[in-house]
Amino acid sequence: MKVYSINSLLSKGKEIISNQVQISGWVRSFRSNRFIALNDGSCLANIQIVVDFENFDEKTINQISVASSIQVLGIVAESQGRGQEIEIQAEKIQILGTANPNEVQETILQPKRHTLEKLREQAHLRFRTNTFSAIMRVRHALSFAIHNYFNSQGFFHIHTPIITGSDAEGAGEMFHVTNFDLNTIPKDENGNVDYSQDFFGKQTNLTVSGQLEGEVATMGLGKIYTFGPTFRAENSNTSRHLAEFWMVEPEVAFFELEDDMNLAEDFLKKVIADVLEKCKEDLEFLNTRYEQEQKQKPQNERTEWNLIEKLKNITEKNFHRVSYTEAIEVLKDSKHNKKGKFKYPVENWGMDLQSEHERYLVEEHFDAPVILYDYPAEIKAFYMRLNDDNKTVRAMDVLFPGIGEIIGGSQREERLEVLKQKIKDFNIDEKELWWYLDTRKFGTVPHAGFGLGFERLVLFVTGMSNIRDVIPFPRTPKNAEF
Ligand code: 4AD
Ligand code: MG
């Protein structure tokens, strides 16, 4: 007797017919007191267990119901039914956990179509559904593909801190970390909070990005990447924003902006190609879901490709590289703009692009992923390298169809004096960044990196439309359940 997961059993197929095996899982359905569809999460497919009820006591049979968990010992046999090569003739069934059918009725475990909203409300149970478990397996494969990519290219994985004293993006969207009793916060003589009495002896927050620490590490290790949780207290209740999300941030010494763009493009292509290869079954399933969803949309909102084609397209097509200045011209001259179809009309050079503009460029104008670069300094973070024109910085954003910004990156300002001036212009306390500035004093070098919003990649690859559906337990404004 050997213990198998359903995935390993199915991949053996006919090879193990007549073997005695043991598997465990949750009952998806039980038909005619004879056929159990069992799933253990190892893959999308269920295995059929055939029960000869004469051989089992009534109590056991009665306890087998949707959502209950069982362990089965049985003989692998050629399947009589359609769809599957093999099934298991049960010899012994042990009930691990029962599930009251009346209570199951109230949950998303009830085998019928549920809305994604309902799945979110029962996020603790949605791992048992086909859709969410497929998404989670793809998410895992993407994570693995990312580590694999960087490892194979000689990058070192660095764990940057989650609690920091600096605001890397300077956007002031931080969650504070304290162990003060919030009812009696110590104040100094001026009535300001006295952080010297707080746990770390200073004001601290959850990190918004591991970049600054990542840059420091690069200045000794050459090529690093981080892959950690990041937190933003931005009150954006959209289908693309989370308050807690995972970010992948490579950083490379002796890299300039063009190298950075090349890395970002190659990285996205390879990671997506890897998952197309490894997650065939789950992606086929998500593809069917995607196609059904498209059919329900009005004709003009449908995409011309199905999910798999859309992913293959990314791995094959070159990304368009367009400067911010060129993009503004394209947008300004577009029919869309002239007909007043943008919520934020495009008029002046210097404006920040909204996601409607990004999506217009990617989905309507270029019909391919776009890398926008050389943005106005004023709308980007302090650490980006200033161009000779003194008004743009060496920034780049990668924009994807249906998503908008998936990656944000830049070449970093490596010149001490220019950086100090920028820090001043942005009203940042230079003393807080003494350690960051040190790297510009002791053997500074050109370097560049970027940040990929991991959930935005999972969103794109799974063809889902709400970021809350691609992370196990989403944190969004007014929502931190589970
Ligand atoms: O563009 P951002 O803010 O860049 C940085 O944080 C840089 N420090 C990265 C770097 O150069 N090392 O964020 C990077 C990416 C965005 O492109 C987006 O994909 C994602 O992180 N992102 C979010 N994803 C989900 N929810 C949010 N609230 C996000 N904010 C940014
Ligand atoms: Mg950005």
Side-chain angles (χ1 to χ4, degrees), residues 139 142 146 150 155 158 160 164 166-175 206-218 223-252 255 257 259-261 263-264 267-268 324 352-355 357-358 362 369-373 375-376 379-385 393-400 402-413 436 447-461 464 466-471 474-477 479:
R139 184 179 164 110
L142 278 168
I146 288 167
F150 286 124
F155 283 71
I158 292 291
T160 47
T164 74
S166 46
D167 178 2
E169 293 303 298
E173 293 168 334
M174 299 172 300
F175 290 101
L206 294 178
T207 189
V208 295
S209 156
Q211 181 194 320
L212 301 189
E213 290 90 350
E215 275 187 62
V216 169
T218 298
K223 288 160 99 173
I224 65 95
Y225 71 104
T226 71
F227 191 161
T230 47
F231 308 86
R232 301 209 178 166
E234 53 186 328
N235 209 348
S236 310
N237 231 328
T238 80
S239 57
R240 282 168 190 76
H241 287 88
L242 291 163
E244 176 180 297
F245 63 100
W246 290 72
M247 202 179 342
V248 179
E249 296 182 273
E251 191 70 37
V252 192
F255 245 37
L257 189 68
D259 307 308
D260 203 33
M261 296 197 256
L263 177 69
F267 163 70
L268 286 168
Y324 167 91
D352 204 356
L353 296 182
Q354 303 296 322
S355 95
H357 306 131
E358 296 175 343
V362 175
V370 170
I371 308 185
L372 282 187
Y373 62 92
Y375 280 77
I379 58 171
K380 289 289 183 187
F382 74 93
Y383 50 71
M384 299 187 179
R385 195 180 197 282
V393 286
R394 303 248 76 191
M396 63 110 180
D397 278 1
V398 181
L399 314 179
F400 259 29
I403 302 284
E405 180 188 339
I406 193 163
I407 276 180
S410 62
Q411 183 176 334
R412 320 305 189 187
E413 184 54 78
Y436 184 70
H447 61 289
F450 62 77
L452 164 80
F454 183 56
E455 283 75 18
R456 294 205 183 162
L457 178 64
V458 185
L459 197 57
F460 182 75
V461 171
M464 300 300 290
N466 193 318
I467 201 161
R468 294 166 180 80
D469 299 327
V470 301
I471 186 166
R475 269 79 183 96
T476 50
N479 172 39

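Hydrogens, waters and symmetry mates play no part in the numbers below; they use all other heavy atoms, side chains included. Whatever order the structure lists them in is the order used to number ligands and atoms, beginning at 1.
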Glu169: partners by side-chain hydrogen bond (donor to acceptor under 3.5 Å, both in side chains), with sequence neighbours left out: Tyr383
Which atom pair, heavy atoms only, marks the closest approach of Glu251 to Phe155? O-CE2, 4.4 Å
Using heavy atoms and a threshold below 4.0 Å, how should the contact between Arg456 and ligand 1 be classified: side chain, backbone, both, or neither? side chain
Could you tell me the residue and atom name of the protein heavy atom closest to atom 20 (C) of ligand 1, and the distance to it rounded to 0.1 Å? Gly453 CA, 3.5 Å
The atoms of ligand 1 lying under 4.0 Å from a heavy atom of Tyr383, numbered in the order shown, are 7 (C), 8 (N)
In terms of residue, atom name and distance, what is the protein heavy atom nearest to atom 3 (O) of ligand 1? Arg232 NH1, 2.8 Å
Might you work through the side-chain contact (heavy atoms from CB on, under 4.5 Å) test for Arg232 and Phe245, ending with a clear yes or no? CA-CA 8 Å; Arg232 301 209 178 166; Phe245 63 100; 3.8 Å; yes
One residue to check: Thr230. Relative to ligand 1, which of side chain, backbone, both or neither has a non-hydrogen atom less than 4.0 Å away? neither
With sequence neighbours left out, the residues meeting side-chain contact (heavy atoms from CB on, under 4.5 Å) with Pro474 are Arg126, Leu242, Arg468, Ile471
With atoms numbered from 1 as shown, which atoms in ligand 1 lie under 4.0 angstrom from a non-hydrogen atom of Ile407? 17 (O)
Take every heavy atom of Phe231, measure it against each atom of ligand 1, and state whether any distance is under 4.0 Å. no
Taking only non-hydrogen atoms of Glu455, do any sit less than 4.0 angstrom from ligand 1? no
Got a sec, which residues hit ring pair (Phe, Tyr, Trp, His ring centres under 6.0 Å) with Phe460, two or more places apart in sequence or on another chain? Phe400
With atoms numbered from 1 as shown, which atoms in ligand 1 lie under 4.0 angstrom from a non-hydrogen atom of Glu234? 27 (C), 28 (N), 30 (N)
Distance-only N or O hit between ligand 1 and His241, under 3.5 Å: no
Suppose I only count heavy atoms of Arg412 and a 4.0 Å limit; which atoms of ligand 1 are within that range? 10 (C), 11 (O), 12 (N)
Considering both backbone and side-chain atoms of Gly408, is one of its nitrogen or oxygen atoms within less than 3.5 Å of a nitrogen or oxygen in ligand 1? yes
Identify whether the distance between the nearest side-chain nitrogen and carboxylate oxygen of Arg412 and Asp260 falls below 4.0 Å. no
With heavy atoms under 4.0 Å as the rule, classify the contact between Asp397 and ligand 1 as side chain, backbone, both or neither. neither
Distance filter under 4.0 Å to Arg240 heavy atoms, resulting ligand 1 atoms: 25 (C), 26 (N)
Under 3.5 Å between some N or O of ligand 1 and some N or O of Glu251? no
Main-chain N/O of Ala243 paired with Arg475 side-chain donor or acceptor, under 3.5 Å: no
I want to verify a count. Protein N, O or S atoms less than 2.8 Å away from the Mg ion (ligand 2), how many are there? 1
Counting only heavy atoms, which portion of Phe245 has something under 4.0 Å from ligand 1: side chain, backbone, both, or neither? side chain
Ile406 neighbourhood, listing ligand 1 atoms whose heavy-atom distance to it stays under 4.0 Å: 17 (O), 19 (O)
If I apply the N/O under 3.5 Å rule, does Leu242 come out as touching ligand 1? yes
Give the minimum heavy-atom separation between Glu249 and Ser209, together with the two atoms involved. OE2-OG, 2.8 Å
Glu405 N/O under 3.5 Å from ligand 1 N/O: yes
